[in-house]
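Shown next, in structure tokens, is the structure this report addresses.
Quick caveat: nothing in here was measured; it's all calculated off a predicted structure.
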Amino acid sequence: MKNTVFLGALTVAGLAAGAAAAGTLDDVKARGKLNCGVTTGLVGFAAPNANGEWEGFDVAVCRAVAAAALGDSTAVEFVPTTGKTRFTALASGEIDMLARNTTWTFSRDVDLKFEFTGVNYYDGQGFMVPKELGVSSAKELDGATVCIQTGTTTELNLADFFRSNNISYEPVPIETNAEAQQQYLAGACDVYTTDASGLAATRATFDAPADHVLLPEIISKEPLGPLVRHGDHEWGDVVRWTLNALITAEELGVTSANIAEMSAGTSNPEINRLLGTEGTLGEMLGLSADWGKNAVAAGGNYGEVFAKNIGEDTPIGLARGLNAQWTEGGLLYSPPFR
Ligand SMILES: N[C@@H](CCC(=O)N[C@@H](CS)C(=O)NCC(=O)O)C(=O)O
């Protein structure tokens with residue numbers, strides 16, 4: 001029992017060691033459904049729409065994996081998890097994967113015994129304050145009350161930031177984003193801090209978004225991505241290469257508009273391998289030849305998923321920034337499909 005790094009880690013590590021980690025791909029196929037852990041609700045990333053169907057940037061990862069593994073992007077059971085419950089849900093086998101704005105950190109990977117299969121959003125922690133407070137920098141927050149979600153990296157970064165700047169704060173611990181929003185708008189805390197993407201998504205749902213400002217400081221690196229259980233390698237490959245398929249599709253210009261046509265075969269061998277008209281990549285993964293085609297057809301390539309759910313033309317309004325393709329000055333760089 002070595003972990004003191006992360007709250008709740010003792011139970012989680014224990015469960016991970018005991019869970020039947022191997023064979024999740026077989027389990028998913030036998031069940032005919034993917035159990036995908038998401039947030040309890042963060043508009044743009046994962047939230048049920050007016051018809052009760054889950055939608056969002058993280059939801060799209062679940063749907064793409066279901067399409068790759070089962071040929072059906074609707075064969076997903078969405079399991080809401082909080083910052084605190086998500087790791088136990090994954091370690092215990094209640095969910096097959098977690099796609100919930102979860103930061104890839106050393107201790108989650110190594111000590112909690114998970115396997116991050118990539119990054120679907122490069123983020124960092126920010127601060128939101130009501131405009132009327134007249135604060136223009138996080139360094140002016142000495143003595144502030146801060147709404148903060150428990151079981152997150154946010155908690156740990158906040159403590160580091162205030163300590164290294166020699167200022168103090170009073171945490172107002174909360175469990176879900178909905179609760180944070182409520183408490184913050186009710187004035188129970190002066191500041192809400194979380195991943196900058198989460199702040200943008202939350203602010204977009206306010207009646208008067210312009211009354212709230214995001215401070216300039218980004219105090220951490222938050223590479224957010226899907227994860228599976230450590231040791232669950234075949235399944236991890238399916239999740240990893242499904243995300244890579246969405247990223248590669250954007251790089252190669254495969255879109256939901258041209259995928260049907262391109263699936264008949266193109267003059268680009270990598271597109272053909274991605275879409276399954278050439279090579280045996282599907283077979284290597286234990287999937288059908290058209291797994292990559294199905295993954296991309298589920299919600300479009302990475303860029304389409306981004307634009308539709310959180311991009312500049314949505315109320316959330318996020319720029320691609322670090323999440324642009326490497327060819328466009330960003331960090332998105334899928335290994336080759338060969
Ligand atoms: N990336 C951080 C924070 C993730 C997090 O919990 N973010 C909040 C605020 S954006 C959230 O997703 N809330 C949704 C919910 O409450 O279910 C982590 O992995 O610890």
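The line from OG of S334 to CD1 of I247 is 6.0 Å long, rounded to the nearest 0.5 Å. Rounding to the nearest 0.5 Å gives a distance of 11.5 Å between CG of L90 and CG of N35. T194 OG1 to N177 CG: the interatomic distance, rounded to the nearest 0.5 Å, is 7.0 Å. The CH2 atom of W326 sits 5.5 Å away from the OH atom of Y333 when rounded to the nearest 0.5 Å. With rounding to the nearest 0.5 angstrom, the OH atom of Y121 is 4.0 Å from the CG atom of L318. Distance check, rounded to the nearest 0.5 Å: CG of N244 to CH2 of W241 gives 5.0 Å.
Counted within 6.0 Å of CZ on R163, heavy atoms from surrounding residues, nucleotides or ligands total 12 or fewer; the atom is thus considered open. Atom NZ of K29 sits in a crowded spot, with more than 12 heavy atoms from other residues, nucleotides or ligands closer than 6.0 Å. Residue F206 places its CZ atom among more than 12 non-hydrogen atoms of other residues, nucleotides or ligands, all under 6.0 Å distant. Counting non-hydrogen atoms of other residues, nucleotides and ligands closer than 6.0 Å to CG of N51 gives a total above 12.
The closest donor-acceptor contact from the side chain of T154 to the backbone of T152 lies at 3.5 Å or more, if one exists at all. Between the D232 side chain and the G236 main chain, no donor and acceptor come within less than 3.5 Å of each other. Proximity of a side-chain donor or acceptor of N258 to a complementary backbone N or O of G253 within less than 3.5 Å is detected. A donor-acceptor pair is defined here as one N or O able to donate and one able to accept, closer than 3.5 Å; such a pair exists between the side chain of E270 and the backbone of F337. Using a distance-only test at 3.5 Å, with no hydrogens or angles considered, no donor-acceptor pair links the side chain of R203 to the main chain of A200. A donor-acceptor pair under 3.5 Å is formed between the side chain of T105 and the backbone N or O of R108.
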Handout entry: Worked verdict on F306 versus N323 for side chain to side chain contact (heavy atoms under 4.5 Å, CB included)
Key = CA-CA 9 Å; F306 192 104; N323 299 292; 4.0 Å; yes

Practice task
Would you please test F87 and T102 for side chain to side chain contact (heavy atoms under 4.5 Å, CB included) and show each step?
Solution key: CA-CA 10 Å; F87 298 120; T102 293; 3.9 Å; yes

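Placement of I271 and M284 within a single hydrophobic cluster is found when ILVMFWY residues are connected by side-chain heavy-atom separations under 4.5 Å, directly or transitively. Note: the hydrophobic cluster containing V213 does not contain L199 (ILVMFWY, side chain heavy atoms under 4.5 Å, direct or indirect links). Clustering ILVMFWY residues whenever any of their side-chain heavy atoms sit less than 4.5 angstrom apart, transitively, puts V28 in the very cluster that holds F114.
Under the 4.5 Å side-chain criterion, counting only non-hydrogen atoms from C-beta, V172 is not in contact with I148. You'll find the side chain of L34 reaches within 4.5 Å of the side chain of M97, heavy atoms only. Residues L141 and V129 form a side-chain contact, since some pair of their non-hydrogen atoms from C-beta on lies under 4.5 Å apart. Between T314 and N309, the closest side-chain pair of non-hydrogen atoms is not below 4.5 Å. E278 has its side chain within reach of P269: a pair of non-hydrogen atoms, C-beta onward, lies under 4.5 Å apart. Residues V38 and T81 have side chains not in contact (no heavy-atom distance under 4.5 Å, counting atoms from C-beta outward). Counting heavy atoms from C-beta outward, S107 and L112 have side chains that stay 4.5 Å or more apart. Using a 4.5 Å heavy-atom cutoff, the side chains of V254 and M262 are in contact.
Here E328 pairs with nothing under the salt bridge (Lys or Arg N to Asp or Glu O under 4.0 Å) rule; sequence neighbours left out. Qualifying side chain to side chain contact (heavy atoms under 4.5 Å, CB included) partners for S267, counting only residues two or more places apart in sequence or in other chains: none. Listed by chain and residue number, R320 satisfy the salt bridge (Lys or Arg N to Asp or Glu O under 4.0 Å) test with E250 (two or more places apart in sequence, or in another chain). In this view, E115 and R240 satisfy the salt bridge (Lys or Arg N to Asp or Glu O under 4.0 Å) rule, not counting sequence neighbours. Listed by chain and residue number, nothing satisfies the ring-ring contact (aromatic ring centres under 6.0 Å, His included) test with Y122 (two or more places apart in sequence, or in another chain).
Between the side chains of S137 and E217, at least one donor N or O lies within less than 3.5 Å of an accepting N or O. D96 and W235 share no donor-acceptor pair across their side chains, judged by distance under 3.5 Å alone. Inspection of the T266 and N272 side chains reveals an N or O donor paired with an N or O acceptor under 3.5 Å. With hydrogens and angles left out, the side-chain atoms of E222 and T153 include a donor and acceptor closer than 3.5 Å. A side-chain N or O of T193 and one of Q125 form a donor-acceptor pair less than 3.5 Å apart. A donor-acceptor contact under 3.5 angstrom links the side chains of T85 and T82, judged on distance only. Between the side chains of S197 and D195, no donor-acceptor pair is found at a separation under 3.5 Å.
Screening residues 56-68 for side-chain hydrogen bond (donor to acceptor under 3.5 Å, both in side chains), with sequence neighbours left out, gives D58-N120. Screening residues 121-149 for salt bridge (Lys or Arg N to Asp or Glu O under 4.0 Å), with sequence neighbours left out, gives no hits. Residue pairs meeting the salt bridge (Lys or Arg N to Asp or Glu O under 4.0 Å) criterion with at least one member in residues 168-186, sequence neighbours excluded, are K84-E175. Pairs engaging residues 32-41 under the salt bridge (Lys or Arg N to Asp or Glu O under 4.0 Å) rule: K33-E77 [sequence neighbours left out]. Legend: ring-ring contact (aromatic ring centres under 6.0 Å, His included) pairs involving residues 253-299, not counting sequence neighbours: none detected. Listed by first and then second residue, the ring-ring contact (aromatic ring centres under 6.0 Å, His included) pairs that reach into residues 247-289 come to none, sequence neighbours excluded. Note on residues 285-304: no pairs pass salt bridge (Lys or Arg N to Asp or Glu O under 4.0 Å), not counting sequence neighbours.
The aromatic ring centroids of F161 and F127 lie less than 6.0 Å from each other. Aromatic ring centres of H212 and Y192: separated by at least 6.0 Å.
For I95 against R229, the heavy-atom pair with the smallest separation is O-NH1, 3.1 Å. Taking every heavy atom of both residues into account, G32 and A75 meet most closely at O-CB, 3.5 Å. Nearest heavy atoms, Y169 versus V146: CB-CG2, 4.0 Å. Nearest heavy-atom pair, V239 versus P226, reported as atom, atom and distance to 0.1 Å: CG1-CB, 4.0 Å. Annotation for L246 and A295: closest pair CD2-O, 3.5 Å, computed over non-hydrogen atoms. Nearest approach of D190 to Y184, heavy atoms of both residues: O-CE1, 3.8 Å.
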